[in-house]
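Data block below; observations after.
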Number of protein chains: 2
Amino acid sequence: MLTDHYELTMISAALHDGTADRQCVFEVFARRLPPGRRYGVVAGTARLLDHLRNFRFDSDEIDFLARQRIVNTETASWLESFKFQGDISGYQEGELFFPNSPILTVSGSFAECVVLETLALSVLNHDSAVAAAAARMVTAAKGRPLIEMGSRRTHEESAVAAARAAYLAGFASTSNLAAGLRYGIPTAGTAAHAFTLLHDDEQAAFASQVLTLGHETTLLVDTYDITQGIRNAIEVAGPHLRAIRIDSGDLSVLAAQSRALLDELGAPDVKIIVSGDMDEYSIAALRAEPVDAYGAGTAVVTGSGAPTAGLVYKLVEVQGRPVVKRSENKRTVGGRKTAVRRHKPTGTAIEEVVVSQGTPAHQPNDRLLQRRFVAGGEQLPDVPTLQQSRDHLRDCLISIPWEGLKLSVGDPAIPVIQE
Amino acid sequence: MLTDHYELTMISAALHDGTADRQCVFEVFARRLPPGRRYGVVAGTARLLDHLRNFRFDSDEIDFLARQRIVNTETASWLESFKFQGDISGYQEGELFFPNSPILTVSGSFAECVVLETLALSVLNHDSAVAAAAARMVTAAKGRPLIEMGSRRTHEESAVAAARAAYLAGFASTSNLAAGLRYGIPTAGTAAHAFTLLHDDEQAAFASQVLTLGHETTLLVDTYDITQGIRNAIEVAGPHLRAIRIDSGDLSVLAAQSRALLDELGAPDVKIIVSGDMDEYSIAALRAEPVDAYGAGTAVVTGSGAPTAGLVYKLVEVQGRPVVKRSENKRTVGGRKTAVRRHKPTGTAIEEVVVSQGTPAHQPNDRLLQRRFVAGGEQLPDVPTLQQSRDHLRDCLISIPWEGLKLSVGDPAIPVIQE
């Protein structure tokens with residue numbers, strides 16, 4: 001039922017007039033990247049394939065649809081036996097995309113393809129938006145680990161998907177336990193200000209935390225006074241404490257002061273973790289400071305200004321005939337696309353070539369961007385794992401021209417040539 | 001498991017040191033509204049209460065937590081028997097809020113309250129962000145109906161909650177079928193461009209849609225040429241067609257042209273629905289045009305620039321003693337708060353008065369803002385229905401000073417006085 005009313009009314013009309021079985025090709029692509037962004041990151045494909053296995057309409061749902069007169073009897077019986085039997089191919093998760101990159105291709109009968117539109121877009125738009133923001137933060141952090149801790153700033157289920165997308169993009173860990181359980185992502189976290197406030201004083205809170213969690217823990221030192229908090233932390237935990245966390249104030253000043261104080265207290269190995277409304281810009285701004293790890297929340301789970309990836313799901317081919325919508329300000333190219341990315345012999349990407357109803361002329365250092373995920377309704381075995389997708393994105397980000405990694409507003413890192 | 005790692009490590013330490021049972025009060029509030037916003041809208045409370053009934057840790061989850069050494073044996077056994085047994089009160093859904101309004105108060109033992117932090121904030125931050133954006137759109141539409149059609153732009157489960165929040169805020173209907181089934185929200189929708197492209201020509205598509213769905217349907221007229229599309233629509237469906245939809249182009253120009261053409265074709269009762277990246281500003285900009293209804297998508301489900309409501313969950317009282325975090329740039333007032341809204345005899349709201357550990361001196365036209373939702377872990381029977389919350393918000397928006405409804409950047413509609 002994670003779909004739109006109009007998908008079913010379209011199916012009703014198409015079943016009635018006999019067009020529901022016409023063989024169609026739908027493609028997912030972005031007309032443009034969010035303002036100023038230089039690349040998009042494909043994320044969510046594996047989650048979509050998981051959903052697809054359970055995408056059915058049960059009898060309660062069909063009763064509801066019939067009672068509300070959203071579907072007629074013919075459509076109700078079609079929904080009852082619905083199982084997607086078409087093909088799906090696309091860019092793998094962790095692949096970069098640019099305007100008009102055909103990141104997912106769904107083919108089959110009109111009815112079985114159109115009913116997937118809303119779900120496919122929901123999953124890909126959300127996860128890709130988070131992954132793109134997260135990838136920019138990973139670049140900004142220059143190798144320092146990032147912890148995703150934004151669950152509380154987004155819908156409770158988005159939070160789990162966001163943790164996955166951030167990990168795919170190179171985050172080291174997440175605070176979200178459901179993401180740990182479902183996807184095997186490392187989880188992290190120690191204590192909030194409430195834990196300190198619960199106790200009679202800060203020393204008591206720190207002592208309790210170290211007693212239960214050991215020295216490999218992070219003490220939050222900014223509940224009262226940061227300088228005193230650091231002194232208390234080292235007094236209680238000694239120089240083998242893993243880290244302190246600062247969650248407020250001018251982090252660039254505080255990080256330097258805290259490092260100096262920790263060194264002075266004979267605790268040069270105690271790490272400094274900073275958090276509190278971090279985005280790619282504030283992460284980059286702390287590059288010169290003695291920060292060992294970042295916690296990012298709101299900005300990563302909400303796509304850092306671009307909460308949706310702008311992906312659309314468009315019919316491009318009907319029974320082998322390219323179709324195209326022509327109206328004000330929008331133009332799509334008809335026909336099923338094949339996409340390759342061209343590279344210099346050094347491995348640097350030059351451009352993406354997208355050909356309608358054909359295949360790009362082969363050149364050395366071309367890489368085919370599409371893989372088959374589903375054939376005849378059955379998922380193929382070689383869908384990349386989350387870890388493989390994470391590695392793939394890291395490699396892709398190395399392959400684009402260096403300007404493509406700049407945080408500033410700019411054009412897409414490479415052009416997409418439509419042939 | 002929709003919670004954060006650190007909630008459980010805090011509980012471990014607190015169980016070990018004996019503080020886990022200390023009676024605590026936590027409050028949910030926003031330090032500030034999103035930039036320029038004049039009010040917030042409470043949404044999600046009923047969803048949170050639904051979650052609370054099922055908020056348990058099953059044996060697979062506890063095994064995972066133990067295996068990952070996130071919890072020790074003592075905590076594992078606490079989680080096994082966990083059931084919230086405290087009290088919850090708060091502002092009802094549809095209530096307005098301002099900086100420092102105590103919109104939710106959770107009291108009980110430290111452990112049972114802190115474990116709800118992430119879930120409570122996820123639900124309230126998401127739903128309140130959508131509801132606030134949606135309320136601004138409803139104001140901008142000046143009584144013309146709004147259809148929520150943003151499911152595809154947000155996570156598949158956020159989409160359902162967003163449809164609910166938009167309906168609470170006054171939207172007329174949603175495209176999301178799961179929201180129709182779960183919450184009884186009216187659903188709407190007819191056809192996409194794909195349906196037209198599927199057919200041999202536009203007339204065939206329109207004829208099929210009218211044949212199956214009847215004249216009470218909306219024909220999408222901008223797949224090829226809008227003028228011809230409207231001519232085709234009236235030729236096929238006649239003057240008793242319910243509506244046409246335009247999804248692209250300069251909507252102010254096209255609405256006026258389309259109205260003139262429909263009138264010329266003898267179809268003055270055919271309504272005009274516009275959609276395509278509508279937000280509160282573009283909705284307001286069409287006020288002078290002959291638009292009968294709006295479809296809003298991306299902007300409503302992503303909070304129109306403010307995708308999270310900025311709500312935090314803070315410990316304010318431990319065993320009757322107010323507690324407060326004092327560090328750089330953040331200041332909370334300790335103690336359990338009681339809040340009233342003061343009004344002029346005419347009913348116009350003047351201010352909100354929030355008193356710590358006491359009750360505001362009663363004045364005529366005061367309204368107590370907090371209700372009891374849960375007592376001793378049991379949900380009380382009088383949680384408002386979605387329809388009641390929707391009506392309540394409509395009344396609240398009438399009660400604030402008229403400047404509070406302006407779309408432009410401004411201060412909160414009324415001040416919050418902390419005593």
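What you see is a predicted model, and the numbers here were worked out from it, not measured in a lab. Quick note on labels: first sequence line is chain A, next is B, and so on, each numbered from 1.
Put simply, of B/Ala194, B/Ala207, B/Ala161, B/Ala120, the one with the most heavy-atom pairs under 4.5 Å next to chain A is B/Ala194. With respect to chain B, the highest number of heavy-atom pairs below 4.5 Å among A/Met1, A/His126, A/Arg182, A/His155 belongs to A/His155. When each of A/Leu15, A/Thr9, A/Asn125 is scored by its heavy-atom pairs under 4.5 Å with chain B, the top score falls to A/Thr9. The greatest number of non-hydrogen atom pairs below 4.5 Å with chain B, out of A/Ser158, A/Gly180, A/Ser151, is found for A/Ser158. Interface check for chain B: of the options A/Val323, A/Val318, A/Thr190, the most heavy-atom pairs under 4.5 Å are formed by A/Thr190. Interface summary for chain B: among A/Gln209, A/His199, A/Glu74, the most heavy-atom pairs under 4.5 angstrom belong to A/His199.
Neither the backbone nor the side chain of B/Leu124 comes within less than 4.5 Å of any heavy atom in chain A. Proximity to chain A is limited to the side chain of B/His51, based on heavy atoms less than 4.5 angstrom apart. Contact annotation for B/Leu65: only side-chain heavy atoms (C-beta onward) come within less than 4.5 Å of a heavy atom of chain A. With a 4.5 angstrom heavy-atom cutoff, A/Leu213 touches chain B only via side-chain atoms. At a 4.5 Å heavy-atom cutoff, the contact between B/Arg321 and chain A is made by side-chain atoms alone. Interface residue B/Ala14: backbone and side-chain heavy atoms are both found under 4.5 Å from chain A. Heavy-atom distances place both the backbone and the side chain of A/Val123 under 4.5 Å from chain B. Interface residue A/Glu117: only side-chain heavy atoms are found under 4.5 Å from chain B. For a residue to count as touching a neighbouring chain, one of its non-hydrogen atoms must lie under 4.5 Å from one of that chain's; by this rule B/Leu181 touches chain A with backbone and side chain alike. For a residue to count as touching a neighbouring chain, one of its non-hydrogen atoms must lie under 4.5 Å from one of that chain's; by this rule A/Ile70 touches chain B with the side chain only. Heavy-atom distances place the side chain of B/Thr298, and not its backbone, under 4.5 Å from chain A. When heavy atoms are compared at a cutoff of 4.5 Å, A/Ala191 approaches chain B by way of both its backbone and its side chain. Interface remark: B/Leu197 contributes backbone and side-chain atoms alike to the contact with chain A (heavy atom separation under 4.5 Å).
When only modelled atom types and interatomic distance are considered, A/Glu7 and A/Thr118 share a side-chain donor-acceptor pair under 3.5 Å. There is a side-chain donor-acceptor pair under 3.5 Å between A/Thr75 and A/Ser12.
With sequence neighbours excluded, no residue forms a ring pair (Phe, Tyr, Trp, His ring centres under 6.0 Å) with A/Phe64. Not counting sequence neighbours, the partners of A/Tyr313 by the ring pair (Phe, Tyr, Trp, His ring centres under 6.0 Å) test are A/Phe26.
Within residues 299-310 of chain B, the residues having any heavy atom under 4.5 Å from a heavy atom of chain A are, by residue number, B/Thr302, B/Pro307, B/Thr308.
Taking 4.0 Å as the cut-off between side-chain N and carboxylate O, B/Arg47 and A/Glu157 do not count as a salt-bridged pair.
Applying the salt bridge (Lys or Arg N to Asp or Glu O under 4.0 Å) test to residues at least two apart or on different chains, the pairs with a partner in residues 14-26 of chain B are A/Asp200-B/Arg22.
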